[in-house]
Amino acid sequence: MVGLEFSNLAHSEVVMKLATHSITAAVTVMVPNSLGPGKLLLHYGTDAQKKKWLPKLANGTDIPCFALTGPQAGSDAGSLPDTGVVCVEKHQGKETLGLRLNWEKRYITLGPVATLIGLAFRCLDPDHLLGEKEDLGITVALIPRNTNGVEIGERHIPLNIPFMNGPNRGRDVFIPLDNIIGGREGIGMGWTMLVESLSEGRGISLPALSTGAGKAACCFTGAYAAIRRQFNQPIGRFEGIEEPLARIAGLTYQMDAARRLTLDYLDQGEKPSVVSAIIKYHLTEKYRTVINDAMDIQGGSGICLGPSNLIGRVYQAIPIAITVEGANILTRSMIIFGQGAIRCHPWVLKEFSAVHNSNQNQGIIDFDKALLGHASFLLGNSARVFVRGMTSGRSARVPASRVERYYQTLSWMSTALALSADVAMMTLGGSLKRRERLSARLGDVLSELYLSSSVLRQYREQGETTEEYPLVRWTLQESLYRMQESFRSLYRNMPNRSLAWLLRLLTFPRGYLFSEPSDKAAHEAAAVLLKPSRIREQLIKGVFIHPDTSHKTALLERTFRLADDVSRIERRLKQLRREGKLDSRQLDEQISEAAANGMLSSQEQQLYRDYLELSAAVVRVDAFRDYTQSGQDHNHSHQLAGGAA
């Protein structure tokens, strides 16, 4: 047995909980477990390699890093300038067939402390020591840090989030062929290894970190909005605050649903590269939205760093999540639809396979069959999308459910996407890949369909409860509006204007019907965060609350749970004031007067006094003698200087 044999879901839960306390700790844990040497060894390593390296990676004797990105390659991993030349050199006293490596990498997480480097490079065989080919393709090998020629650079500082990250390089580093992951058979398999490993890892770590950030905002900012008062009422009761609170609650619910659905696929052995790209892009973007909203609500308490600030560090880390494991702009504009169109289409892949069939006669037969099927599919979809557009999806057959109208509407949008994608691919051909904005809009619809499906699945599994419905309604209204606007933008920008007009007429024959979530939907979604309930507990499940009752997280949660009881006391005081039974104007004086006249019990009076003391501690922000001291205090408080959230 290696490690604890956690499932992908269990791994995600650990990273998510860590992310609610320290981004630094979460990043440090997630990289060795979802990307890099350990993951690649499990899938592709030889038995000898697994026996040698996996136990030491599992128990922490060795710390791995994965060196892929370089100054010139960046996201274009297929153009790696780093090389490994096949040669024979003396190694441990004897002539050994191996590789002479030269590389330069940067942005390597755990690089400064790693003892084992997983290196991606292009393998070259100019002397034909292995065969006829000179360029053997992208390859991945394991390089112990103490190997001659390895240079570990100094640390990067990624936006003052102090997880270990830095450059490394190698100059004429020799390794035996046995160091290649998979041995000699692994030469040239690096691209496959990278794509498959990334399709798994990208679906685990960053979605977990993003969902953790959302859950932290639900827990901490929701509680803050219920406690912090302006104009004699909690700020969460103002409609202006309800709007971002609803986004925080709804998007976090959606993130968690998409995370869990994707992990189910991974735990079943799937390698869903398109799905992992969808949730990497969309969950990190929703993380950005949620934390920006949290900062707006928290105001000054959000921007002043210190032990009491539970979201400042996670705000600083947003661009890191956006950038790593495939930059978001690239993922949206080139990968999601670019990969998804062929994989999702029932006929295009069959047509491609027929064209490349080595048996020409069979290829022609298969192509003709696929082409006829494709034509029938296109005509059928055209009719279906028009009928569903005319009926707003009511013609679609869906499971009986409280939310069956959403099932029907999503069926309509799915058919519309299939038709629009077909027309775009047929009219634009290969140029669609270069028209990245059009491709991105199609990918946006595909992504929203996946996210909405995950919400419906989670809602069904939870029993379609009444208290969960406000979150489901808000997220689905938001997704449908986003789909509609993506279609609208697509049709406005398609070069063939006649076809664009026809597509719009078929898809939305009654006009554009969807709008952003209603005020009522936002009010009810925001309310989930403002008082204790089962659905709030479900939404914040996995958030780390410190066992020390004096810690800000524990204080905040304790005060939040008192706020609902206190609000009932306040309503009673207001009623007594309206009835003329209280003369005092100030709240403190009203409490004393009501208690003296027997209108409040001594227990209620003490409860209110305790609440006022706790709420004062909750809204307090940190202040320091000087900037240096603030950094020291913050780091000491958090032990790992990643911040509390």
Side-chain angles (χ1 to χ4, degrees), residues 2-3 31-58 62-70 73 76-89 91-92 95-103 105 108 111 114-145 147 149-150 168 170 172-202 269 271 273 325:
V2 175
V31 170
N33 286 282
S34 64
L35 294 169
K39 195 78 171 180
L40 295 175
L41 280 169
L42 282 169
H43 284 285
Y44 304 104
T46 64
D47 290 341
Q49 288 172 339
K50 292 177 181 179
K51 184 176 181 180
K52 178 179 180 180
W53 295 111
L54 287 179
K56 291 188 285 186
L57 290 171
D62 276 308
I63 300 173
C65 71
F66 188 48
L68 172 61
T69 306
D76 185 9
S79 301
L80 288 176
D82 312 293
T83 60
V85 178
V86 181
C87 62
V88 177
E89 288 192 11
H91 177 71
Q92 294 180 350
E95 296 294 312
T96 303
L97 183 62
L99 297 167
R100 186 185 306 111
L101 297 160
N102 286 277
W103 76 85
K105 304 290 187 179
I108 309 306
T115 61
L116 184 66
I117 301 169
L119 179 71
F121 58 92
R122 185 169 295 280
C123 186
L124 304 174
D125 186 14
D127 296 330
H128 303 285
L129 297 177
L130 298 178
E132 295 296 321
K133 289 180 64 176
E134 289 192 14
D135 188 342
L136 303 182
I138 296 174
T139 303
V140 180
L142 298 173
I143 320 293
R145 178 186 178 127
T147 305
V150 173
N168 63 60
D172 293 326
V173 177
F174 180 80
I175 60 167
L177 291 185
D178 288 345
N179 283 43
I180 295 170
I181 293 181
R184 189 164 175 170
E185 298 298 317
I187 295 175
M189 292 292 294
W191 183 251
T192 299
M193 294 181 186
L194 295 174
V195 169
E196 290 191 6
S197 176
L198 191 60
S199 72
E200 291 185 52
R202 195 161 49 183
K271 295 180 172 60
S273 57
E325 292 186 26

[X] and [Y]: which non-hydrogen atoms are nearest, and at how many Å?
X	Y	result
T46	G182	CG2-C, 3.5 Å
V173	G170	CG2-CA, 3.8 Å
I187	C123	CG2-SG, 3.9 Å
L80	F121	CD1-N, 3.8 Å
K50	L42	NZ-O, 3.4 Å
A114	P64	CB-C, 4.0 Å

Residue pair L142, L40: steps toward the side-chain contact (heavy atoms from CB on, under 4.5 Å) verdict: CA-CA 10 Å; L142 298 173; L40 295 175; over 6 Å; no
Of R100, R122, K105, the residue whose pairing with D82 passes salt bridge (Lys or Arg N to Asp or Glu O under 4.0 Å): K105
Residue pair [X] / [Y], side-chain heavy-atom distance below 4.5 Å:
X	Y	answer
I180	M189	no
I108	I117	no
F174	T96	yes
D62	P144	no

Derivation and outcome, side-chain contact (heavy atoms from CB on, under 4.5 Å), residues D135 and L124: CA-CA 5 Å; D135 188 342; L124 304 174; 4.0 Å; yes
CD/E89: more than 12 non-hydrogen atoms of other groups inside 6.0 Å: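 Yes, because the 6.0 Å sphere around CD of E89 holds more than 12 heavy atoms from other groups.
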Under 3.5 Å donor-acceptor, Q49 side chain and D178 backbone: yes
Heavy-atom donor-acceptor pair, T139 side chain to G188 backbone, under 3.5 Å: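 Side chain of T139 to backbone of G188, a donor-acceptor pair under 3.5 Å: yes, one is there.
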Interatomic distance, L41 atom CG to I181 atom CD1 [nearest 0.5 angstrom]: 5.0 Å
Distance, nearest 0.5 Å, that separates CG of L119 from OG1 of T147: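 Answer rounded to 0.5 Å: 11.0 Å.
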Candidate pair V86 and D127, rule side-chain contact (heavy atoms from CB on, under 4.5 Å), full reasoning: CA-CA 8 Å; V86 181; D127 296 330; over 6 Å; no
Criterion side-chain contact (heavy atoms from CB on, under 4.5 Å) on W103 and I143, from CA distance to verdict: CA-CA 12 Å; W103 76 85; I143 320 293; 4.2 Å; yes
Donor-acceptor pair between N102 and T83 side chains, under 3.5 angstrom: no
Pairing of D125 and K133 as salt bridge, 4.0 angstrom limit: no
